[in-house]
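Taking it in order: structure first as structure tokens, then the write-up.
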Amino acid sequence: MTSPSLVTEDLTIRFGGHVAVNSVSCAFHPGELTVIVGPNGAGKTTFFNLISGQLTATSGRVLKDGTEITGLSPSARAHHGVGRAFQLTNLFPQLTVLENIRLAVQARSGHGWRMFRPVSGFRELTRKAEHYLEATRLSTVAHQAAATLPHGDQRKLEVALLMAMEPDVYMFDEPTAGMSLDHAPDVLDLIAQIKADTSKTVLLVEHKMEVVRALADRIIVLHNGELLADGDPTEIMSSRIVRDVYLGTAQGTGGEDAA
Amino acid sequence: MITSDTRHTTGTLVIKSVVALIAALLLFAPFLFQDVRSLEVAARICIFIVLVASFDLLIGYTGIVSFAHTMFFGFGAYGAAILLKQMGPGWTPVLLGALAGVAVSLVFAVAIGLLSLRVKAIFFAMITLAAASVVLVLASQLSQITGGEDGIIYKSPDLFKTATKLLTDADGKVVRLWDVKLNGKLAAYYFVFITSLILFLAMLRFVGSPFGTVLKAIRENEARAEAIGYRVVAYRTAVFCLSATIASLAGTVYAVWLKYTGPDTALSFSIMIDILLMVVIGGMGTMWGAVIGAVLLILAQYYLRDLMGAASEALTGVPLLPELLAPDRWLFWLGIIFILLVYFFPRGIAGTMMTGRKGA
Amino acid sequence: MSLLSIRNMKTDIGQYAVLHDISFEVPEGGVFVLLGRNGAGKTTTLRSIMGLWTPSPGSVQFRGEDISALHTAEIARKGIAYVPENMGIFGTLTVDENLILATSNGRFDPARLARIHALFPALERFRDKQAWSLSGGQKQMLSVARAIIEPRALILIDEPTKGLAPAIVDAMAEAFREIAQTTTILLVEQNFAFAKSLGRDMAVIDDGRVAHTGTMADFVADTTLQHRLLSLSL
Amino acid sequence: MTARTATLSTYWDRAGGVNLLPVAVALIAFLLIGAPSSWITLTVAGLAMGMMLFLMASGLSLVFGLMDVLNFGHSAFVSFGAFISAAVLAGLGGWLAADSWVLNASALAAAYLAAICFGLIAGWFFETVIIKPVYRDHLRQILITIGAMIVAEQTILAFWGGTPFSVARPHFLEGSWIIGDVSIEIYRAFAFALGAGVFVLLYVGLNRTRIGLLIRAGVEDREMVEALGFRVDRLFIGVFMLGSALAALGGAMWAGYETLITPHMGADLMIVVFIVVIIGGLGSIEGTLLGALLVGLMSNYVGFLAPKLALASNMILMVAILLWRPNGLRPAVK
């Protein structure tokens, strides 16, 4: 087995007396797509925030390719190759789609500090940005302000931003949230494409079971901030404990999570 | 809302041609307007275009509200003034003064930036206001160095003396071109014009560069900019320093031109108000807005006041109105116009005209 | 006549259009459940009814009166109470202060207070404690108690069981059943088991539109429909 | 954190925490100044100045806490309060000159009342016309209120001209009490007492009344207060008017304290007021009082020990406190 690209060790965060993520230890490997499931309030998004740096852990460590990144800022973690997309649409609303993507490409290229040459002089940035525009089928709206896009396209742009960062670790937080079923496949295709590249590690928070079934190599179940189960999709999906969590009969929160 | 797209609408073309026209007028100002006062106005316009544009880098492009911009302008002006006074006229004090002004500005900008750019915008505005007023008080108290309230009078480099002849004819008299004497005054004006032009073009470069796009990204969505890998605090501090540096250089140039530096010309809060008015009236986040705002307000400052004076005299006898129309009260009207503008045209003149149809 | 009727409601938040077309009728009495995936627009629907976002004009009728243009406070005074997802507890105020704030004249009706204390004994025990020191479940109880400290016609409740321990969820279900005898409840819930046990009528929201309305019994019986709308496939 | 620092901070909190800072400043100053009589005089002056600053700053802070609105034009109320009370006092010169203690006091009361009434009316006007259209847009808020400040300052100039205006003081507040070698200016003691009285009223009003309960709740979660059926926007106008009236009263008291006022006094005081609210933490009147006392004491001590550093000392104080607590000493819970 390959060495893990991302490892969490006893990752914990407390808000006052509430333990939102409780001592989660987990290793994620390249070429593997892990779906994180769990009822609302289980700590999935918080877990993501701890990995990508929007929150800093109370205790425990995060390692990327063996380097500790626990205390780093989100931008520094992005430079270590940890990229994430957000659950709520989180774009640069007044900038065009192309500008949005180019910003992500540029962050990756490290050209952000160049101030004496016009953007148009950086051909490779635009070329790459256009590549991701095409990959996400957003070319036709390239010059529209992000805020004016329909919701589905905004979700795609969210994914495009992540792809343009070219991270090693991709983290998707409910990429199809709020999308009707007819539009979701576009985004799922994109994730499948990323998954096809065996050097990439993908983490995905997702509720829709058909998505989980189609994409997951592995499922981990979070419940009340704790790692409840971890393993092969078929095994997990048929396991008693997961059913109990989802149907609200397990100890702790009940929750039909698909709602 | 500040527009980011400057695609070629009619409005954009109009604004750009107006700016080009202003540039041409400023370039030929000494030949077009041959009285002393007009040249004074033209030079002031050049300096303020730079000053306002550098403020726009903060407020319009990055969304940072600072009230310390005159402080940096003052550092540059006092740097040159103090050295010109101590060392006598020459280029060395000007250069050293510029460097010293920039150095002090950078120290302050870094300190303020690191201390308070992490906190809310409103906090930053309050802190810069406090810092600027402390510097203003210090400048008037340290009178041995700064000349206190009276300021400093000094000589500029010899080249800029009115008596200097740039070109002489056979009789040793100064050559006239279209009836304009090619003397030191002319050289001084072109020194102002060219340095301002260079600084302005440099800023145009900055905003069109990858760096400029990062600033806009931070203005739009700070958290996401951080998440895709930009160190927001570093960029904010950097643009604050950059803007401070340019303001400081503009201050040095102005000090050389005026041959006088005092709290009223280089540090006072009313200059800060002028800058704010200019950037808002012209239009934030466009650079062109800085040009239009600076030109309009300075023209108003110089010429509208005469008009008001006449109106005030005409209304003698009517209660209060003459008082409100007195030339010194012109800020009253400007303040009202400013408020109305922020309500109804928050993008200012340039922003409003350049906004294309939505989603175009 | 239905108590609350939503017709073609559209809501924009800032530059984003969130609700495209929401229509449903809440009859008087019982619990009406709104289901839907994360981000589908359930919370926005409640907030639009409450006037915390601006819905399209004429889209919200309460007892036959258009309330879509009213101020939130006026909507509340019409007899609609709101229990938000974050509970909206005033942490620096005591439990009693939180409750008294929800009365219109600053005085408790002793009978109603006694009923609340019977429903949620913890609120009596900690009357003078600052509300931030309560547990999550107790805060939720306080938030619900605030909504019923005076008679109301309709209570909007947003995900009351989120992050609560099962014992408290059961107590909450019990309390809701009691409240529903006198007051209509419009409940947004992700916990299907909980929703199932309480709801009489229901609607499913998806992508800012209403995807289904009907009775809870029919919806529970129709697994294909559930599967399609909620992806309940575990 | 080590066990030792934890214990220290526990002791600190138990003893009153940040509330002790003014006491600590006073003690340090006592050691530096040496002469007890000067120290007492300075302390009284500092406390008086602190109380007046508190009046000017409390409205600003509360308004921010309740509506997230920061009024950069707040200083206009201070200046107007000063000028209006000075004008009333000048107009009632006869009463002031009279031998009767009652007439003296009535003149002062009339002046303060005029300032307060102006503050109430101007506050209402300001909130409805200037602030309301730009709720929730900080950039435009800053710009608009700065614009309003310009207009207000120019109006004062138009009315009273640019020359300093001298302020009459009632006879019974002139002079000092001499106790041993300690001299205490009567006006300062009076300013302190009046300010302290207003603070107590505000404190009781906020903590013991229903309106106060609504305000405290509104500072925490405005939407929820509205969802409970209360018009926070109307409550806010009330708070805004109260804050403006307090600022005007503070300005009126300040006018008597300085005895010579210029139209720029508001803008100059504004800086100090900002420093006060930044130090104290926006949104709480306890924090504002703390910040005001600290600034008042520091200004007077430093003004005595190193006159040139007086204003810079406030700046240094602010920087030090921000480095320690980036949100100020006692910010409102958000």
Side-chain angles (χ1 to χ4, degrees), chain B residues 1-2 59-60 63-65 67 111-112 114-116 118-123 125-138 141-142 219 269-270 272-273 276-277 279-280 284 320-326 328-344 346, chain D residues 60 64 68-73 129-130 133-134 137-162 264 267-268 270-279 282 307-316 318-320 322-323 326-328:
Chain B
M1 209 53 55
I2 297 146
I59 195 168
I64 299 173
V65 184
F67 285 109
I112 295 177
L114 291 183
L115 181 70
S116 51
R118 290 166 197 275
V119 297
K120 278 184 143 183
I122 273 200
F123 248 51
M126 291 164 82
I127 286 168
T128 48
L129 184 55
S133 67
V134 168
V135 167
L136 176 61
V137 171
L138 283 182
Q141 281 181 348
L142 302 173
R219 179 189 76 198
F269 191 63
S270 61
M272 191 63 239
I273 300 273
L276 256 182
L277 293 175
V279 79
V280 172
M284 291 180 282
L320 201 62
L321 262 184
E323 269 304 315
L324 283 177
L325 282 174
D328 287 346
R329 292 291 84 74
W330 80 291
L331 257 180
F332 174 86
W333 300 105
L334 210 59
I336 289 178
I337 293 172
F338 176 78
I339 293 175
L340 294 177
L341 232 105
V342 178
Y343 279 149
F344 300 110
Chain D
L60 192 73
F64 181 83
D68 210 20
V69 163
L70 194 67
N71 178 9
F72 276 78
V129 177
I130 307 283
V134 289
D137 185 343
H138 278 163
L139 178 60
R140 283 171 76 199
Q141 234 172 58
I142 294 174
L143 297 175
I144 289 248
T145 53
I146 286 269
M149 186 199 76
I150 298 172
V151 173
E153 201 174 296
Q154 295 295 316
T155 313
I156 291 184
L157 277 165
F159 268 107
W160 283 285
H264 296 293
D268 295 343
M270 200 59 199
I271 309 298
V272 188
V273 166
F274 276 166
I275 293 178
V276 165
V277 292
I278 292 173
I279 288 178
L282 281 159
K308 292 214 159 176
L309 284 178
L311 188 61
S313 74
N314 289 333
M315 192 71 202
I316 293 164
M318 180 178 87
V319 169
L322 282 183
L323 286 174
N327 288 316

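Residue numbering restarts at 1 for every chain, and letters A, B, ... go by the order of the sequence lines. Note: hydrogens, waters and symmetry copies are ignored here, and every other heavy atom, side chains too, is used.
Remark: of the listed residues D/I142, D/V273, D/I278, D/I278 is the sole one forming a side chain to side chain contact (heavy atoms under 4.5 Å, CB included) with B/M126.
For D/Q154, the side-chain hydrogen bond (donor to acceptor under 3.5 Å, both in side chains) partners are B/R329, not counting sequence neighbours. Judged as a ring pair (Phe, Tyr, Trp, His ring centres under 6.0 Å), and not counting sequence neighbours, the contacts of D/F72 are B/F67, D/F274.
Both the backbone and the side chain of B/Y343 come within contact range of chain D, each with at least one heavy atom under 4.5 Å from a heavy atom of that chain. In this structure, chain B has a heavy atom under 4.5 Å from the side chain of D/Q141, while its backbone stays farther away. Looking at B/I339, both its backbone and its side chain come within 4.5 Å of chain D, counting heavy atoms on both sides. No part of B/A132 comes within reach of chain D, as not one of its non-hydrogen atoms sits under 4.5 angstrom from that chain. Interface remark: D/M270 contributes no atoms to any contact with chain B (heavy atom separation under 4.5 Å). Proximity to chain D involves both the backbone and the side chain of B/V342, based on heavy atoms less than 4.5 angstrom apart. Contacts between D/T155 and chain B at a heavy-atom distance below 4.5 Å involve backbone atoms as well as side-chain atoms. When heavy atoms are compared at a cutoff of 4.5 Å, B/L331 approaches chain D by way of both its backbone and its side chain. In this structure, no portion of D/A267 lies under 4.5 Å from any heavy atom of chain B.
Looking only at heavy-atom pairs under 4.5 Å with chain D, the residue among B/A131, B/A130, B/G335 that has the most is B/A130. Listed options D/I150, D/V134, D/I146 were ranked by heavy-atom pairs under 4.5 angstrom with chain B; first place goes to D/I150.
We find the CG-CD1 distance between B/L341 and D/I144 to be 9.5 Å, quoted to the nearest 0.5 Å. Atom CG of B/L136 is separated from atom CE of B/M272 by 13.0 Å, given to the nearest 0.5 angstrom. With rounding to the nearest 0.5 Å, the separation of OG1 in D/T145 from CD1 in D/I130 is 9.0 Å. To the nearest 0.5 Å, atoms CG (D/L143) and CE (B/M284) are separated by 5.5 Å.
Residue D/V151 comes nearest to B/I336 through the heavy atom pair CG2-N, 3.6 Å, listed as atom of the first residue, atom of the second, then distance.
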